[in-house]
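Letters A, B, ... are given to chains in the order of the sequence lines, protein chains preceding strands, and every chain is numbered from 1.
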Protein chains: 2
Amino acid sequence: MSLRHALLGLLADRPASGYDLLKLFDTSLAHVWPATQSQLYGELNRLAEAGLVDVSAEGPRRRKEYTVTEEGLKELRAWLVAPTQQQPQRSELLLKVFFFDLATDEQARAVLAEREQRATAYHERLMELRTALEDEEGPFTSNGLIALEYGLRRAEMEWEWARWAAEQLG
Amino acid sequence: MSLRHALLGLLADRPASGYDLLKLFDTSLAHVWPATQSQLYGELNRLAEAGLVDVSAEGPRRRKEYTVTEEGLKELRAWLVAPTQQQPQRSELLLKVFFFDLATDEQARAVLAEREQRATAYHERLMELRTALEDEEGPFTSNGLIALEYGLRRAEMEWEWARWAAEQLG
DNA sequence: CTTCGACATGTCAGTGATGGAATATCCACC
DNA sequence: GGTGGATATTCCATCACTGACATGTCGAAG
């Protein structure tokens, strides 16, 4: 349900087309709220129907540029201050942990090692992203860095936990 | 897709009915892979159709008791050692952080404070669950504690981050 | 002048989760 | 003997996400 607010948020900075927004998603919001092209175009049309955005310009190649309406901004601000519902956390990894008794110790260790690796790799990617972000000056940079820090801390937590868990198995 | 494996995993410990499994989900797996009643019964029927479980007994009130088949166990073990796909992380909280410029500092702080509170409350709940688990001896206790530790660490990470983030706003 | 890559939008089938309603049985208690 | 609560299963409408397919335009490079 928040894809809608992600779009409104990006459009609040500046008008953009679906294509623009798709790229913005891939860069800025990729780690926070990934979305596919089909979702995005569909939601844009629904947003326009609901009067939260307007088509402010049409360009070549059927390009439609969207702008948030007053109503859209209102909706966005209301969402920002509404209580954040935390979505139920499903974790395939932890599910496997639950059933570790069905595997050998070696197999269990492999599962944990895989996660540790992934977490460190992800951490590195985020560190690169951070240095990249620090150079350029975008509208979402400083807030983006706060969100990014969450990812970094989470990755650290994950590999520390994975190591600890592997010890527990012994 | 892993609901299937969650069910197989629980049934691998002992045969059970849908109703039993629902209760097991609510207690043991609630924090790891929540599932609703409609999902669960549906998946059980599909599992039986696929030959991964058998109806091993029928009791009063149309109760059907399911048991994993050899094939089901095979599937479960294959899943355990297969690479764990990490599902894309959508976070409504981080999305809000991205758009903090649209809110007042006060509002942003409130969002962060709410999360900090939730994280500490969740941490407390998990601590209680841990002491409860440590007393009783279940089949999944020791692995459950490893999974639970993940939740604890994550909650700690979250409130530390929320505090840090609030400082950044100043 | 053609072709290739980037730009740009739309649609659809399949899958899985949500939430609620409908149905029925058994048991304990009054 | 009737009622309420726990046991137990099934179905359905709705919604969101995925991944793929379909369609078409423009600009630059050769």
Side-chain angles (χ1 to χ4, degrees), chain A residues 1-8 10-11 15-27 29-50 53-67 79 85-92 95, chain B residues 1-8 10-11 15-27 29-50 53-67 79 85-92 95:
Chain A
M1 201 47 209
S2 284
L3 172 60
R4 144 162 315 205
H5 301 110
L7 289 172
L8 288 173
L10 291 177
L11 288 175
S17 69
Y19 193 78
D20 296 337
L21 290 165
L22 189 59
K23 280 184 298 178
L24 281 174
F25 262 81
D26 284 347
T27 57
L29 291 185
H31 304 274
V32 157
W33 202 277
T36 61
Q37 171 255 47
S38 30
Q39 257 179 293
L40 204 151
Y41 282 109
E43 189 63 35
L44 273 176
N45 285 326
R46 258 169 272 138
L47 237 22
E49 237 176 280
V53 302
D54 276 341
V55 177
S56 52
E58 310 212 10
R61 278 169 284 216
R62 296 166 65 201
R63 173 193 171 93
K64 282 185 287 184
E65 201 180 66
Y66 293 95
T67 309
W79 167 75
Q85 60 182 84
Q86 60 181 5
Q87 46 265 52
Q89 304 285 355
R90 288 192 173 83
S91 166
E92 196 183 356
L95 196 55
Chain B
M1 201 48 210
S2 285
L3 173 59
R4 145 163 314 203
H5 301 110
L7 289 171
L8 288 173
L10 291 177
L11 289 175
S17 69
Y19 193 78
D20 296 337
L21 290 166
L22 189 58
K23 278 184 298 179
L24 281 174
F25 262 80
D26 284 347
T27 56
L29 290 185
H31 303 277
V32 158
W33 202 277
T36 61
Q37 164 256 49
S38 27
Q39 259 179 289
L40 203 149
Y41 282 109
E43 189 63 34
L44 274 175
N45 285 327
R46 258 167 274 140
L47 237 21
E49 236 176 280
V53 302
D54 277 340
V55 176
S56 53
E58 309 212 12
R61 276 168 286 216
R62 299 164 64 199
R63 172 194 171 94
K64 282 184 287 185
E65 200 180 66
Y66 293 95
T67 310
W79 167 75
Q85 60 183 88
Q86 59 182 4
Q87 45 265 50
Q89 304 286 356
R90 286 193 174 81
S91 165
E92 196 182 356
L95 196 56

Trainee: Closest-nucleotide mapping onto DNA chain D: is A:Leu3 or B:Arg63 further toward the 5' terminus? I mean the 5' end.
Mentor: B:Arg63
Trainee: The criterion is side chain to side chain contact (heavy atoms under 4.5 Å, CB included); which residues satisfy it with B:Gln89, sequence neighbours excluded?
Mentor: A:Arg154
Trainee: When you list every nucleotide of DNA chain D with an atom under 4.0 Å from a heavy atom of chain B, which one comes first 5' to 3', and which comes last?
Mentor: D:dT7 to D:dT18
Trainee: Can you tell me the distance, in whole Å, between the CD atom of A:Gln85 and the P atom of C:dT18?
Mentor: 12 Å
Trainee: List for me each residue that meets ring pair (Phe, Tyr, Trp, His ring centres under 6.0 Å) alongside A:Trp33, sequence neighbours excluded, and say none if there are none.
Mentor: none
Trainee: Any donor and acceptor pair, going by atom type alone, linking the side chain of A:Gln39 with main-chain N or O of A:Leu3 inside 3.5 Å?
Mentor: no
Trainee: Which distance, rounded to the nearest 0.5 Å, do you find between the CG of A:Leu40 and the CG of A:Leu24?
Mentor: 9.5 Å
Trainee: Does A:Arg90 reach a base, just sugar-phosphate, or nothing at all? Heavy atoms under 4.0 Å.
Mentor: sugar-phosphate
Trainee: List in chain and number order the residues that pass side-chain hydrogen bond (donor to acceptor under 3.5 Å, both in side chains) with A:Ser56, two or more places apart in sequence or in another chain; answer none if no residue qualifies.
Mentor: A:Thr67
Trainee: Write down the distance between CD (A:Glu43) and P (C:dG10), rounded to a whole number of angstrom.
Mentor: 13 Å
Trainee: Can you tell me how far P of C:dA6 sits from NZ of A:Lys23, to the nearest Å?
Mentor: 11 Å
Trainee: Once side chain to side chain contact (heavy atoms under 4.5 Å, CB included) is applied, do any residues pair with B:Gln37, and if so which ones, sequence neighbours excluded?
Mentor: B:Leu22, B:Tyr41
Trainee: How does each nucleotide of nucleotides 19-26 of chain C score, in 5' to 3' order, for protein heavy atoms under 4.0 Å: base (B), sugar-phosphate only (S), or none (-)?
Mentor: BBB---BB
Trainee: Going from OG on B:Ser91 to CD on A:Gln87, what distance comes out if it is rounded to the nearest 0.5 angstrom?
Mentor: 6.0 Å
Trainee: Quick one: A:Leu21 CG to C:dG10 C1', roughly how many Å, whole number?
Mentor: 16 Å
Trainee: With no hydrogens and no angle check, is any side-chain donor or acceptor of B:Asp20 less than 3.5 Å from a backbone partner on B:Ser17?
Mentor: yes
